[in-house]
Amino acid sequence: MRKHVIPAVAAALALGLGLTACGSESDSGGGGTDGALVVGATAVPAGEVLAYIKQDLAAKNGLDVEIKEFTDYVLPNTALQEGSLDANLYQNEPYLDDFNKSKGTDLVPVVKAYLPPMGVYSKKVQDVTKLPDGATVAVPNDTTNEGRALKLLASKGVITLKDGSGTTASPADIAENPKNLKFKELEPAQLPRSLDDVAAAVINNNYAQDAGLSPAEDAILLESAENNPYANLLAVKKGNEDDPRVEKLAKLLTSAEVTKFIKDKYKGSVLPVTSG
């Protein structure tokens, strides 16, 4: 019986490969370049920006978008590499570079969309320079976001990092720590919940907003947009950059309509990027 089934399966697989070969060498979450573009995103702000595009801009620009939301920073890239997503929107380029290096993936940036500034939040102090001696500060536990958090603290002289410390700086790279701060490394999504237990927490923008915090109003220290390398970008698996659906979404993400949406909705808590 199996001798008759195997050729049939092989024929079906061959037909399937033939139908998808013209679209991409990798599996596509949206069923090829003619179907919906399946985009992974964290809820805020990426999911909200994509929802606006889907509702108000996509159809009239000949684009069908399906949004899949994630609550962490690893699965959207894993799903993109494996082919259940066509693209994702949630990460910055230093994080993407580190992910590719550590996971052996081949994901590439398409266009920068917006900057969600990282902030320091506290229920104990109103000024980051007033943190008490020996205080515990919670920081993200992934390599690039931890380095980003430490650089933000260093920008106000709370700590000093060793010369040459890059985007992957860790507590081991702290040269001076005059307040003898202790650092508690947590999953980024857990950081808002840590505020009752620590003196301060350095929280990624999306998780701050998910928790009802306003970066523009509640952060005691917020990143500046000037020369900031951490703009969030649209990413795809290498080889899919020229997918017409990806090109349409990239154009919409930097359009005047999306720029206005970001300015009106987030009021400085998220900053638009109008060029890639």
Side-chain angles (χ1 to χ4, degrees), residues 41-56 67 69-73 76 89-92 95 112-131 135-142 144-156 158 183-184 186-233 253-254 257-274:
T42 48
V44 181
E48 293 177 341
V49 171
L50 290 170
Y52 167 71
I53 290 174
K54 178 180 176 70
Q55 179 176 328
D56 294 329
I67 306 164
E69 289 192 355
F70 293 81
T71 58
D72 79 321
Y73 288 163
L89 176 66
Y90 77 101
Q91 66 193 315
N92 55 60
Y95 181 87
K112 292 179 180 178
Y114 54 79
L115 172 69
M118 178 178 273
V120 181
Y121 299 82
S122 175
K123 293 184 177 181
K124 313 292 193 305
V125 297
Q126 295 297 315
D127 183 339
V128 71
T129 65
K130 303 299 183 184
L131 285 166
T136 297
V137 178
V139 295
N141 68 351
D142 65 90
T144 53
N145 279 307
E146 182 172 48
R148 182 181 180 184
L150 294 175
K151 284 181 175 293
L152 179 56
L153 293 169
S155 72
K156 281 295 184 181
V158 178
F183 294 94
K184 185 174 185 178
L186 296 173
E187 290 287 337
Q190 296 177 8
L191 289 165
R193 296 194 293 273
S194 75
L195 285 173
D196 289 328
D197 304 316
V198 298
V202 191
I203 305 176
N204 292 83
N205 188 285
N206 62 304
Y207 291 125
Q209 295 201 59
D210 283 347
L213 297 167
S214 167
E217 297 177 5
D218 297 325
I220 63 172
L221 177 62
L222 196 64
E223 280 182 328
S224 167
E226 186 176 356
N227 299 320
N228 195 310
Y230 295 107
N232 280 185
L233 51 86
L253 282 168
T254 55
E257 293 92 337
V258 170
T259 295
K260 184 177 186 303
F261 170 80
I262 291 172
K263 288 180 177 179
D264 291 347
K265 181 171 181 62
Y266 300 109
K267 296 178 172 51
S269 289
V270 178
L271 305 174
V273 175
T274 56

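Bear in mind that the values here come from a model prediction, so they are computed numbers and not experimental data.
With sequence neighbours left out, Leu186 forms a side chain to side chain contact (heavy atoms under 4.5 Å, CB included) with Ala138, Lys184, Gln190, Leu191, Ser194. Residues forming a ring pair (Phe, Tyr, Trp, His ring centres under 6.0 Å) with Tyr114 (at least two apart in sequence, or on another chain): none. With sequence neighbours left out, Asp127 forms a side chain to side chain contact (heavy atoms under 4.5 Å, CB included) with Thr129, Lys130. Annotation: side-chain hydrogen bond (donor to acceptor under 3.5 Å, both in side chains) contacts of Asn92 (sequence neighbours excluded): none.
Listed for the Tyr52 side chain is no donor-acceptor partner under 3.5 Å among the backbone atoms of Val258. Proximity of a side-chain donor or acceptor of Tyr95 to a complementary backbone N or O of Tyr73 within less than 3.5 Å is detected.
Annotation: side chain of Leu253 is in contact with side chain of Leu89 (closest heavy-atom distance under 4.5 Å). Residues Val49 and Lys265 fail the side-chain proximity criterion, which asks for heavy atoms closer than 4.5 Å. Proximity of Pro45 to Ile262: side-chain heavy atoms (C-beta onward) are nowhere separated by under 4.5 Å. Using a 4.5 Å heavy-atom threshold, the side chains of Asn141 and Pro188 count as touching. Put simply, the side chain of Asp210 does not reach to within 4.5 Å of the side chain of Pro192, judged on heavy atoms.
Rounded to the nearest 0.5 angstrom, Asn232 CG and Leu271 CG are separated by 11.5 Å. Atom OG of Ser214 and atom CG of Asn205 lie 9.0 Å apart (nearest 0.5 Å). Considering CG of Leu152 and OH of Tyr230, their distance stands at 10.0 Å, rounded to 0.5 Å. Considering OH of Tyr121 and CG of Leu195, their distance stands at 9.5 Å, rounded to 0.5 Å. Note that CG of Asn204 and CD of Gln91 are 12.0 Å apart. Values are rounded to the nearest 0.5 Å. Leu131 contributes atom CG, which lies 10.5 Å from atom OG1 of Thr136 (distance to the nearest 0.5 angstrom).
Looking at every heavy atom in both residues, Ala216 comes nearest to Lys267 through CB-O, 3.8 Å. Among all heavy-atom pairs drawn from Val273 and Ala231, the shortest one is CG2-CB, 4.0 Å. Contact detail for Leu222 and Gly119: the closest heavy-atom pair is CD1-CA, 3.9 Å. Smallest separation of non-hydrogen atoms from Leu115 and Ser224: CD2-O, 4.3 Å.
Note: Phe261 and Tyr266 have perpendicular aromatic rings, judged against thresholds of 30 and 60 degrees for the angle between ring planes.
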TODO: Report the C-alpha separation of Glu187 and Asp72 in whole Å, then their side-chain angles, then the decisive distance to 0.1 Å, and conclude whether the side-chain contact (heavy atoms from CB on, under 4.5 Å) test is met.
DONE: CA-CA 9 Å; Glu187 290 287 337; Asp72 79 321; over 6 Å; no
- [ ] Would you please test Gln209 and Val270 for side-chain contact (heavy atoms from CB on, under 4.5 Å) and show each step?
- [x] CA-CA 10 Å; Gln209 295 201 59; Val270 178; 3.3 Å; yes
- [ ] Before giving the answer on side-chain contact (heavy atoms from CB on, under 4.5 Å), spell out for Tyr90 and Asn206 the whole-Å C-alpha distance, their side-chain angles and the decisive distance to 0.1 Å.
- [x] CA-CA 9 Å; Tyr90 77 101; Asn206 62 304; over 6 Å; no
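Each salt bridge (Lys or Arg N to Asp or Glu O under 4.0 Å) pair with one or both residues in residues 115-124, not counting sequence neighbours, appears once here: Lys123-Asp196. Contacts classified as salt bridge (Lys or Arg N to Asp or Glu O under 4.0 Å) and involving residues 219-231 (residues at least two apart or in different chains) are given here: Arg148-Glu223.
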